[in-house]
2 protein chains.
Amino acid sequence: MAIETPAIQRSTRQLALVLAAVQASGREHPTAEAVFARVRRVLPRISLGTVYRNLQRLAADGRIGIAHVGGRSARYDPTITPRDHCLCEQCGRNEYEATPTPGGSVRAAKRAGHQVRGHALVLFGRCRDCTRAA
Amino acid sequence: MAIETPAIQRSTRQLALVLAAVQASGREHPTAEAVFARVRRVLPRISLGTVYRNLQRLAADGRIGIAHVGGRSARYDPTITPRDHCLCEQCGRNEYEATPTPGGSVRAAKRAGHQVRGHALVLFGRCRDCTRAA
DNA sequence: CTCGGTGCAAAGGGTTTGCATACAT
DNA sequence: ATGTATGCAAACCCTTTGCACCGAG
């Protein structure tokens, strides 16, 4: 009953470089623009549209994660395993990352019949440096 | 040294209705558009711009919360106290809400010198109804 | 009477998409 | 040779903003 084709994926230089750019960014969680800038250093003619398309594809394939935290632009994440993040409201950097301790909330959600596929814990505040600067 | 005026706030019908609309939405976490639609039933001439301005002001005053989860539009929250949410990826509803159990992550962040002002735990998955329908 | 809030409409920024071409298979 | 991925640019959507008028204080 599989009506739709598996949609095989061609391996292009652009796709590989977009993935590499996200992975190389470490815990920075780059925006699409940042990935664009990085890939451009190698492929000057790449377009922003292509970057978005590849980011979406990689996310759909579960190779990277997309996080919509606080700001207006999405951020892309090389790790797919659930992680907690700690964002600085001032400089926007991700200061800290750890494997999560979901605790009671996940259990409660499951009890409510929810099929939990993942979660994201985001902490808001100020990093050490910005606290000092203020 | 207070150069800027405290910026006193006039109470207008629009402001009151925007707040009421967010509060009346319960745990739906309405978008700006939804708030707009609701207030419009009472004040047909209100503009979307005014809704956004009042939502921002209410958030700045700590009277409502703003959540940027998953989708492209922001969602507004009548509760300011930290809460965990459980979003359905299919229908978008918030299925469940609970006071959080921050656990080790908050402690770890504080240890790293971070000034934690709040947090948000979002669970992704499918609600009971959508799981059945699929 | 004052000046902050409103309505309207246009601008803004991030993301998506249509189309002809280039290229992986 | 075939059809997918690309580059380019226009379209989209949500949100913000400039401006003249309105109305709370």
Side-chain angles (χ1 to χ4, degrees), chain A residues 4-22 28-61 63-77 92, chain B residues 3-22 25 28-61 63-77 92:
Chain A
E4 30 188 301
T5 315
I8 15 92
Q9 182 162 322
R10 287 186 183 173
S11 75
T12 65
R13 207 153 149 56
Q14 287 86 342
L15 180 68
L17 284 168
V18 166
L19 176 57
V22 174
E28 268 175 43
H29 301 268
T31 61
E33 201 71 45
V35 172
F36 179 50
R38 191 182 263 265
V39 176
R40 217 185 208 188
R41 297 208 294 255
V42 182
L43 255 97
R45 298 191 57 77
I46 195 174
S47 73
L48 193 51
T50 295
V51 170
Y52 275 108
R53 271 185 293 234
N54 281 323
L55 285 171
Q56 293 240 119
R57 180 192 297 269
L58 288 167
D61 294 352
R63 304 229 269 159
I64 65 172
I66 304 183
H68 298 261
V69 288
R72 50 202 77 183
S73 44
R75 289 180 166 273
Y76 300 85
D77 191 332
Chain B
I3 300 176
E4 29 189 300
T5 315
I8 14 91
Q9 181 161 323
R10 287 183 186 174
S11 75
T12 64
R13 208 154 148 56
Q14 287 86 344
L15 181 68
L17 285 168
V18 166
L19 176 57
V22 174
S25 298
E28 269 175 41
H29 301 268
T31 60
E33 202 71 44
V35 172
F36 179 51
R38 191 181 264 265
V39 176
R40 218 186 209 187
R41 298 207 293 255
V42 182
L43 254 96
R45 298 190 58 77
I46 195 173
S47 72
L48 192 51
T50 294
V51 169
Y52 274 107
R53 273 184 293 233
N54 282 322
L55 286 170
Q56 293 240 118
R57 180 192 295 270
L58 289 167
D61 294 352
R63 304 231 267 159
I64 64 172
I66 304 183
H68 298 261
V69 289
R72 56 197 76 184
S73 45
R75 289 179 167 274
Y76 300 85
D77 190 334

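Lettering of chains follows the sequences in order, A, B, ..., and the numbering in each one begins at 1. Everything quoted here is computed from the prediction, not taken from an experiment.
Per the geometry, CD belonging to Q14(A) stands 11 Å off P belonging to dC8(D), to the nearest Å. Taking atom CD on Q56(A) and atom P on dA5(D), their separation rounds to 14 Å, with Å as the unit.
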Walk me through whether Y76(B) and I66(B) qualify under side chain to side chain contact (heavy atoms under 4.5 Å, CB included).
CA-CA 5 Å; Y76(B) 300 85; I66(B) 304 183; 3.8 Å; yes
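Under the 4.5 Å side-chain criterion, counting only non-hydrogen atoms from C-beta, L55(B) is in contact with V22(B).
Of all nucleotides in DNA chain C having an atom under 4.0 Å from a heavy atom of chain B, the first and last in 5' to 3' order are dC3(C) to dT16(C).
Residue E33(B) is classed as having no contact, given no heavy-atom separation below 4.0 Å to the nucleic acid.
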Side-chain donor-acceptor contacts of residues 33-53 of chain B below 3.5 Å, not counting sequence neighbours, with atom names and distances?
| unit_1 | atom_1 | unit_2 | atom_2 | d |
| --- | --- | --- | --- | --- |
| S47(B) | OG | T50(B) | N | 3.3 |
| S47(B) | OG | T50(B) | OG1 | 3.1 |

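Remark: D61(B) CG to R63(B) CZ distance equals 6.5 Å, nearest 0.5 Å. Annotation: the span from I64(A) atom CD1 to L58(A) atom CG amounts to 5.0 Å, rounded to 0.5 Å. Taking CG of L15(B) as the reference point, atom CD of Q9(B) lies at 5.5 Å (rounded to 0.5 Å).
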For DNA chain C, the dot-bracket pattern of Watson-Crick and G-U pairs whose distances stay under 3.5 Å, | for other-strand partners:
|||||||||||||||||||||||||
Give me, pair by pair, the N or O atoms of the protein and of nucleotides 23-25 of chain D that are less than 3.5 Å apart, along with how far apart they are.
| unit_1 | atom_1 | unit_2 | atom_2 | d |
| --- | --- | --- | --- | --- |
| dG23(D) | N2 | R10(B) | NH1 | 2.6 |
| dG25(D) | OP1 | S11(B) | OG | 3.4 |

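Residues of residues 47-55 of chain B having a heavy atom closer than 4.0 Å to DNA chain C, listed by number: S47(B), T50(B), R53(B), N54(B).
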